[in-house]
Colleague: 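Okay, here's the structure, questions in a sec.
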Amino acid sequence: MILTFPDFLTILRFILTIPILILMVQNNLIADITALILYIIAAISDYYDGVLARRWNQVSNFGKFFDPLADKFMVSSILIL
C-alpha cells in the first residue's frame with residue numbers, strides 16, 4: 001500500500017491529537033495557546049485532505065475509512081478531556 005499525501009494528512013491528525021491532549025492538561029496559558037495552534041493545523045489538514053484527494057484523484061480505501069475515524073478521534077478526545 002502506497003500512502004498518498006492526503007493519507008499522510010489523515011495520519012497527521014491522529015498524531016497531533018496526542019500532543020494536543022497533553023498540552024491541554026498542562027493548565028497554563030502557553031500550553032493552551034500551543035494546543036489551539038496544533039488544533040487549527042489539524043483542522044486545516046482535514047480540509048485539505050479531502051480537497052486534495054478529490055482534486056488529485058487520490059481517493060483511497062485507507063482514506064475513506066481512516067479520515068472520518070481521525071476526525072472523530074480528535075474531536076471526541078478533546079471534548080471528553
Side-chain angles (χ1 to χ4, degrees):
M1 177 177 84
I2 298 173
L3 288 179
T4 62
F5 185 68
D7 292 340
F8 171 75
L9 291 176
T10 298
I11 293 169
L12 179 68
R13 277 198 312 284
F14 274 114
I15 293 170
L16 283 178
T17 302
I18 304 305
I20 290 170
L21 295 173
I22 291 170
L23 288 166
M24 286 177 65
V25 298
Q26 297 295 318
N27 201 17
N28 69 48
L29 184 61
I30 301 296
D32 290 343
I33 291 171
T34 306
L36 175 64
I37 291 169
L38 290 177
Y39 179 79
I40 290 170
I41 291 169
I44 291 170
S45 77
D46 181 31
Y47 171 75
Y48 281 108
D49 171 24
V51 169
L52 294 177
R54 283 187 231 85
R55 183 176 296 160
W56 294 345
N57 198 22
Q58 293 182 340
V59 176
S60 66
N61 288 331
F62 177 86
K64 288 178 189 176
F65 180 76
F66 282 102
D67 183 55
L69 187 64
D71 298 338
K72 287 172 183 51
F73 175 69
M74 182 178 65
V75 171
S76 62
S77 298
I78 292 170
L79 285 175
I80 290 170
L81 185 67

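Positions are given from 1 along the sequence.
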Colleague: Group every Ile, Leu, Val, Met, Phe, Trp and Tyr by side-chain heavy-atom contacts under 4.5 Å, then state whether Tyr47 and Leu36 land in the same group.
Modeller: yes

Colleague: Consider only side-chain heavy atoms of I, L, V, M, F, W and Y, link residues closer than 4.5 Å, and tell whether Val51 and Trp56 are in one cluster.
Modeller: yes

Colleague: Does a side chain donor of either Thr10 or Asp7 reach within less than 3.5 Å of an acceptor in the other side chain?
Modeller: no

Colleague: What pair of heavy atoms forms the shortest contact from Ala31 to Leu23, and how long is it?
Modeller: CB-O, 3.4 Å

Colleague: Would the number of heavy atoms belonging to other residues, nucleotides or ligands and lying under 6.0 Å from CG of Asn57 be above 12?
Modeller: no

Colleague: Would you kindly confirm whether Ile15 and Phe62 end up in one hydrophobic cluster when ILVMFWY residues are joined by side chain heavy atoms under 4.5 Å apart?
Modeller: yes

Colleague: Working to the nearest 0.5 Å, report the span between CZ of Phe66 and OG of Ser60.
Modeller: 10.0 Å

Colleague: At what distance, to the nearest 0.5 angstrom, does CZ of Arg13 lie from CG of Leu38?
Modeller: 14.0 Å

Colleague: Give me the one residue out of Leu16, Asp49, Leu3 that meets side-chain contact (heavy atoms from CB on, under 4.5 Å) with Ile11.
Modeller: Leu3

Colleague: Testing the basics here: between Ala42 and Met74, what is the closest heavy-atom pair and its distance to 0.1 Å?
Modeller: CB-SD, 3.4 Å

Colleague: Can you check side-chain contact (heavy atoms from CB on, under 4.5 Å) on Asp67 and Asp46, steps first, answer last?
Modeller: CA-CA 8 Å; Asp67 183 55; Asp46 181 31; 3.5 Å; yes

Colleague: Which heavy-atom pair separates Pro68 from Gly63 by the least distance, and what is that distance?
Modeller: CD-O, 3.8 Å

Colleague: Over all heavy atoms of both residues, which pair between Tyr48 and Leu9 is shortest? Give the atoms and the distance, please.
Modeller: C-CD1, 4.1 Å

Colleague: Hey, any chance Leu81 and Tyr39 share a hydrophobic cluster, counting ILVMFWY side chains that come within less than 4.5 Å of each other, even indirectly?
Modeller: yes

Colleague: Say whether Leu21 and Ile80 are linked into one hydrophobic cluster, either directly or through other cluster members, by side-chain heavy-atom distances under 4.5 angstrom.
Modeller: no

Colleague: Mind listing the closest non-hydrogen atom pair of Gln58 and Pro6 along with its distance?
Modeller: OE1-CD, 3.2 Å

Colleague: Once you measure the plane-to-plane angle for Phe14 and Phe73, does it fall in the parallel (<30°), tilted (30-60°) or perpendicular (>60°) bin?
Modeller: tilted

Colleague: Minimum heavy-atom separation for Asp32 to Met24, with atom names?
Modeller: OD1-O, 4.2 Å

